[in-house]
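This chain uses plain numbering: 1 for the first residue, then up along the sequence.
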Amino acid sequence: MINLETTIEKIFTTRRITRHDQQLLMCLFSQNSLSPSDKDLLDRVYEALHQGRLRVVD
């Protein structure tokens, strides 16, 4: 199982999100079984991307 918190922590530590990370997060988000705290974590990533605080890398 994938640890969402660890993945998001890595993203914010490096200030980069890979295409693999992006696909993983999109897959998790498409599942309706996310807890409210998991959805909050995903929202933080989305906001950081939207504000330009994260860079998408291959």
Side-chain angles (χ1 to χ4, degrees):
M1 175 144 186
I2 299 158
N3 187 333
L4 179 63
E5 289 180 20
T6 303
T7 301
I8 291 177
E9 182 179 320
K10 178 190 71 100
I11 290 168
F12 279 107
T13 299
T14 62
R15 289 183 284 171
R16 295 178 183 195
I17 183 171
T18 65
R19 296 288 178 191
H20 180 264
D21 294 334
Q22 182 183 21
Q23 289 174 343
L24 170 71
L25 295 179
M26 289 173 62
C27 180
L28 290 172
F29 190 73
S30 69
Q31 300 172 0
N32 292 327
S33 61
L34 289 176
S35 70
S37 63
D38 288 345
K39 288 181 182 179
D40 288 342
L41 288 172
L42 290 174
D43 285 342
R44 282 184 56 213
V45 172
Y46 173 77
E47 286 299 318
L49 282 167
H50 183 70
Q51 295 172 354
R53 293 185 288 134
L54 295 177
R55 187 166 40 144
V56 178
V57 296
D58 285 327

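By the 4.5 Å heavy-atom criterion applied to side chains, L25 and I17 are counted as neighbours.
The neighbour count for E5 CD, taken as heavy atoms of other residues, nucleotides or ligands under 6.0 Å away, does not exceed 12. For E9, the CD atom counts as loosely surrounded, since its 6.0 Å shell holds 12 or fewer non-hydrogen atoms of other residues, nucleotides or ligands. By the neighbour-count criterion of 12 heavy atoms within 6.0 Å, atom CZ of F29 is sparsely surrounded, having that number or fewer from other residues, nucleotides or ligands.
The structure places OG1 of T14 at 7.5 Å from CG of D21, a figure rounded to the nearest 0.5 Å. In this structure, CD1 on I8 lies 11.0 Å from NZ on K10, to the nearest 0.5 angstrom. Atom OG1 of T18 is separated from atom CD1 of I11 by 7.0 Å, given to the nearest 0.5 angstrom. L49 contributes atom CG, which lies 7.5 Å from atom CD of Q22 (distance to the nearest 0.5 angstrom).
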Which side-chain N or O atoms in residues 36-44 pair as donor and acceptor under 3.5 Å with protein atoms at least two apart or in another chain?
residue : atom : partner : partner atom : Å
S37     : OG   : S35     : OG           : 3.0
D38     : OD2  : S35     : OG           : 3.4

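For T6, the side chain to side chain donor-acceptor pair (under 3.5 Å) partners two or more places apart in sequence, or in a different chain, are N3. For Y46, the side chain to side chain contact (heavy atoms under 4.5 Å, CB included) partners are H50, not counting sequence neighbours.
The minimum heavy-atom distance linking R55 with R16 is given by the pair NH2-NH2, 2.9 Å. In terms of heavy atoms, L34 sits closest to L28 at CD1-O, 3.3 Å.
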